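One-based numbering along the sequence shown. Worth saying up front: this structure is predicted, and the values here are computed from it rather than measured.
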Amino acid sequence: MISELDLVHLRRCVELAELALSVGDEPFGSVLVAADGTVLFEDHNHVASGDDTRHPEFEIARWAAEHLTPAARAAATVYTSGEHCPMCSAAHAWVGLGRIVYASSSAQLTAWREEMGLPPGPVRPLPIQQVAPGVAVDGPAPELSETIRALHRRLHGRRP
Ligand SMILES: [Zn+2]
């Protein structure tokens, strides 16, 4: 179930994804929100550096491990424009973070890539819960799908 408040944070993730694209990175953005609603940390994708592990959800997991108690991590929510990849799902679970809310799913991204004639990525696009079965997950948010699809089309030089 995605609430209006969830949508506020998801829209911020999409803004961060747009920002990433505008500076030459892939369009993914994520936000870490504490149990009391405070935004603790936000980041976007940084793979243009040449390091393809620089996903925002991975940065959030590392930040949370350094700055939050285990209880605060478990009570926090991670919002993200695109569903966690298996690497980030694993990092999320290893550091004991709480709920995940994503705007678009890995299945959607896979379909959009196929639509653009792109080959599959190097990592199988498993859903979060196949990697991290104990994590509560909500998504996708259909109202944001077309915006995110358009960002991926821009990334690959296609018209939105
Ligand atoms: Zn990832």
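Ile148 and Tyr102 are not part of a single hydrophobic cluster, where members link through side-chain heavy atoms under 4.5 Å apart. Under the 4.5 Å side-chain contact rule for hydrophobic residues, Leu155 and Val47 do not share a cluster. Under the 4.5 Å side-chain heavy-atom criterion for grouping Ile, Leu, Val, Met, Phe, Trp and Tyr, Phe41 is connected to Val95 within one hydrophobic cluster. Under a hydrophobic clustering in which Ile, Leu, Val, Met, Phe, Trp and Tyr are joined whenever their side-chain heavy atoms come within less than 4.5 Å, directly or via other members, Val101 and Trp63 fall into different clusters. Under a hydrophobic-cluster definition in which Ile, Leu, Val, Met, Phe, Trp and Tyr are linked whenever side-chain heavy atoms come within less than 4.5 Å, directly or via other members, Leu40 and Ile60 are assigned to the same cluster.
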Leu32 vs Leu97, side-chain contact (heavy atoms from CB on, under 4.5 Å): CA-CA, chis, key distance, verdict: CA-CA 10 Å; Leu32 175 65; Leu97 277 164; 3.9 Å; yes

From CA spacing to verdict: side-chain contact (heavy atoms from CB on, under 4.5 Å), Ile2, Leu10: CA-CA 10 Å; Ile2 296 182; Leu10 287 178; 4.2 Å; yes

Criterion side-chain contact (heavy atoms from CB on, under 4.5 Å) on Ile128 and Ile100, from CA distance to verdict: CA-CA 9 Å; Ile128 293 164; Ile100 293 174; 3.7 Å; yes

Leu126 and Glu83: CA distance, side-chain angles, deciding distance, side-chain contact (heavy atoms from CB on, under 4.5 Å) verdict: CA-CA 10 Å; Leu126 299 175; Glu83 183 177 1; over 6 Å; no

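A distance of 11.5 Å separates OG1 of Thr53 from NE2 of His46, quoted to the nearest 0.5 Å. Here His156 contributes atom NE2 and Met116 contributes atom CE; the two are 4.5 Å apart, rounded to the nearest 0.5 Å.
Residue pairs meeting the salt bridge (Lys or Arg N to Asp or Glu O under 4.0 Å) criterion with at least one member in residues 19-44, sequence neighbours excluded, are Arg12-Glu42.
Side-chain contact between Glu57 and Met87 is absent, with no heavy atoms from C-beta onward closer than 4.5 Å. The closest side-chain heavy-atom distance from Glu18 to His44 is not below 4.5 Å. Contact of the His55 side chain with the Cys85 side chain is registered, since non-hydrogen atoms from C-beta on lie closer than 4.5 Å. With contacts defined as side-chain heavy-atom distances shorter than 4.5 Å, the pair Arg11/Asp6 does not qualify. Considering only heavy atoms from C-beta on, Leu19 stays 4.5 Å or farther from Glu15 through its side chain.
Side chain of His67 to backbone of Ala65: no donor-acceptor contact under 3.5 angstrom is found. Looking only at distances, no side-chain donor or acceptor of Gln130 sits under 3.5 Å from a matching main-chain atom of Pro127. In this structure, Ser104 contributes its side chain and Ser81 its backbone to a donor-acceptor pair below 3.5 Å. Arg113 places no side-chain N or O within donor-acceptor distance of the main-chain N or O of Leu118, the cut-off being under 3.5 Å. At distances below 3.5 Å, at least one donor-acceptor pair connects side-chain atoms of Thr69 with backbone N or O atoms of Ala72. Side-chain atoms of Thr38 do not come within 3.5 Å of backbone N or O of Ala34 as any donor-acceptor pair. A donor-acceptor pair under 3.5 Å is absent between the side-chain atoms of Arg149 and the main chain of Thr147, judged by distance alone.
Using cut-offs of 30° and 60° for the angle between ring planes, the His84 and His92 rings count as perpendicular.
Closest approach of Ser30 and Cys13 over heavy atoms only: CA-SG, 3.8 Å. When all heavy atoms are compared, the tightest approach of Asn45 to Ala20 is O-CB, 4.1 Å. The shortest heavy-atom contact between Pro140 and Ala103 is CB-O, 3.3 Å.
Figure legend: Arg54 and Phe58 shown without cation-pi pairing, the cationic atom not lying both under 6.0 angstrom from the six-membered ring centre and within 45 degrees of its axis.
A distance below 6.0 Å separates the ring centres of His152 and Phe28.
Exactly one of Leu7, Val33, Asp138, Val14 qualifies for a side-chain contact (heavy atoms from CB on, under 4.5 Å) with Tyr79. That residue is Val33.
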